[in-house]
Amino acid sequence: MSVPGFTSRFVDSLPGDPLTHNEPRQVRGALWSKALPTPVSAPTLLAHSREVAALLGLSEAVLNEPAFLSVLAGNEPAPGVTPFAANYGGHQFGHWAGQLGDGRAIGLGELNGFELQLKGAGPTPYSRRGDGRAVLRSSIREFLCSEAMHHLGVPTTRALSLVLTGDRVVRDMFYDGHPEPEPGAIVCRVAKSFLRFGNFELCASRDDVALLRQLGEFTLTHYFPHLGPPSKDSFAGLLTEVAERTASLMAQWQAVGFVHGVMNTDNMSMLGLTIDYGPYGWVDDFDPGWTPNTTDAEQRRYRFGNQPGIGLWNIERLGIALLPLLEDEESLVEAAMLAYQRTFEAEASRRFTAKLGLTPRDGTVELTHSLFSFLAAEETDMTLFFRALSDVVEAGVPTTFPDALRTAFYGTPTEAHLARGLEWLRTWWERTREEAATPAVLAQRMRAVNPKYVLRNYLAQEAIDAAHAGDVSGVRTLLEVLRRPFDEQPGQEKFSQKRPDWARSKPGCSALSCSS
Ligand code: AMP
Ligand code: MG
């Protein structure tokens with residue numbers, strides 16, 4: 001058994017930086033720089049995803065080989081390829097931030113058509129003042145959420161492995177002048193491509209149209225071959241498809257209650273994948289104004305209810321960057337933005353009506369919106385509420401506010417609120433009788449789209465606390481439970497409970513900083 005050979009279309013076909021040292025610098029005329037992982041002292045494989053291993057054609061035997069662990073820890077080069085950091089820029093919190101690049105992600109190349117990338121494997125030319133490392137808590141969060149999202153059916157980068165490095169990393173978790181050493185870790189991320197809007201924006205910001213074109217042609221050829229050979233039309237097709245994929249992704253985030261937290265354009269995937277899990281969170285109570293990211297607490301630019309609008313703003317940034325390939329035809333950018341809006345409306349409506357057991361028709365959008373305003377009026381757990389509706393559909397027309405739904409309230413609702421809820425439930429229940437399916441069949445369909453298990457912030461934090469104390473079993477258990485988010489899973493109910501009171505304002509459970 002030996003470590004399989006890697007290949008790399010990115011490194012082989014696109015211009016790289018002639019310099020090979022790690023000093024921070026502006027890199028022009030190149031889309032990547034060579035970046036060797038920095039070895040760590042005592043790597044341990046804490047967890048891995050068997051589905052991702054299978055995608056890559058890696059057997060359990062290979063994964064457990066010391067030589068492969070060395071690759072996942074960055075202690076040995078991946079055979080066959082130059083490790084690299086990609087060069088990109090981005091709009092951060094609404095402002096152009098210039099060159100950013102992979103400051104702590106190192107691309108290893110491809111296996112089976114998938115790129116592998118080590119996050120936290122040491123500095124690169126793009127690390128600026130950062131150390132290129134990642135701490136265990138944020139690595140656990142990235143590892144678990146990537147896999148949880150995949151099993152929910154949401155497009156995402158994946159995670160092959162979670163490796164403890166054996167080295168400490170100093171972080172000021174709250175940016176309050178109290179830096180502390182924390183255990184370091186490395187996640188091996190996996191995706192067909194890690195290209196971001198920001199890769200294109202950086203070329204455009206420097207008026208490097210030749211490089212922009214090379215990147216555009218590479219993207220079309222390898223990831224969007226159905227759009228035809230490179231031309232103004234196929235680049236317009238590319239922009240529209242990215243817009244549609246992004247819109248569809250936003251509809252899916254809203255439907256499961258996921259808040260990314262840092263939707264900067266350097267964190268937006270050209271393939272429409274959820275990418276860069278940082279201070280993300282899951283809404284417990286349905287609050288469109290909520291953001292988990294403390295860095296964004298004032299402006300709340302990336303709050304739950306704002307994600308679809310930000311997705312559109314980001315598409316506009318990508319469109320403007322691509323203008324030189326569109327022969328400066330601004331109407332093509334407008335068309336892509338329109339496609340975004342149409343797709344978002346259709347997908348969001350389809351997904352939310354399906355959550356209610358309905359097929360879209362006259363009145364279903366209004367019904368959904370009146371539910372949103374009901375849910376937002378008093379703290380109500382989004383996941384629990386939608387899941388419990390499938391029990392209500394089976395029980396017959398509600399005459400009192402159902403107990404199954406009462407458990408979703410965080411506080412004690414007023415009688416007036418319950419009356420309003422009951423009225424909504426009765427209208428909705430009558431609507432379900434216009435569907436051809438029996439209540440039992442409807443309930444089954446609803447359970448297949450309303451997850452019972454999501455990676456609640458406090459669950460991730462409990463697993464992190466245990467891992468810090470040396471017990472990684474919580475991470476593995478969560479990984480298992482989150483593989484089947486729509487199944488009842490008798491015995492695992494404790495992972496489907498609403499946020500306990502102690503977690504309401506505990507760091508990591510409600511608010512997170514970007515320090516990771
Ligand atoms: P993020 O907010 O995680 O998307 O990161 C924004 C930029 O900062 C990207 O260019 C990252 O590669 C870089 N970055 C974040 N953390 C570190 C770190 N610890 N060391 C070096 N670069 C980092
Ligand atoms: Mg990022």
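Whatever order the structure lists them in is the order used to number ligands and atoms, beginning at 1. This is a predicted model, so every value here is computed, not measured.
- When the N, O or S atoms of Asp276 are ranked by distance to the Mg ion (ligand 2), OD2 comes first.
- Between Phe218 and His222, the two ring planes are tilted [angle within 30° to 60°].
- Polar contact check, Gly130 against ligand 1: no nitrogen or oxygen pair lies under 3.5 Å apart.
- In this structure, the side chain of Arg25 engages the main chain of Glu23 through a donor-acceptor pair within 3.5 Å.
- The distance from ligand 1 to the heavy atoms of Arg171 drops below 4.0 Å at these ligand atoms: 19 (N).
- Checking atom 5 (O) of ligand 1 against the protein gives no heavy-atom contact under 4.0 Å.
- The aromatic rings of Tyr458 and Trp502 lie perpendicular to each other, with more than 60° between the two planes, well past the 30° mark.
- Between Phe93 and Tyr302, a ring centre-to-centre spacing shorter than 6.0 Å is recorded.
- Salt-bridge check for Arg504 with Asp285: failed, with every basic side-chain N at 4.0 Å or more from each acidic carboxylate O.
- Using a 4.0 Å cut-off to heavy atoms of Asp102, the atoms of ligand 1 that qualify are 12 (O).
- Both the backbone and the side chain of Leu100 come within 4.0 Å of ligand 1, judged by heavy-atom distances.
- Put simply, Asn264 stays out of reach of the Mg ion (ligand 2), with no N, O or S atom under 2.8 Å from it.
- Backbone and side-chain nitrogen or oxygen atoms of Val262 are examined, and none is located within less than 3.5 angstrom of a nitrogen or oxygen of ligand 1.
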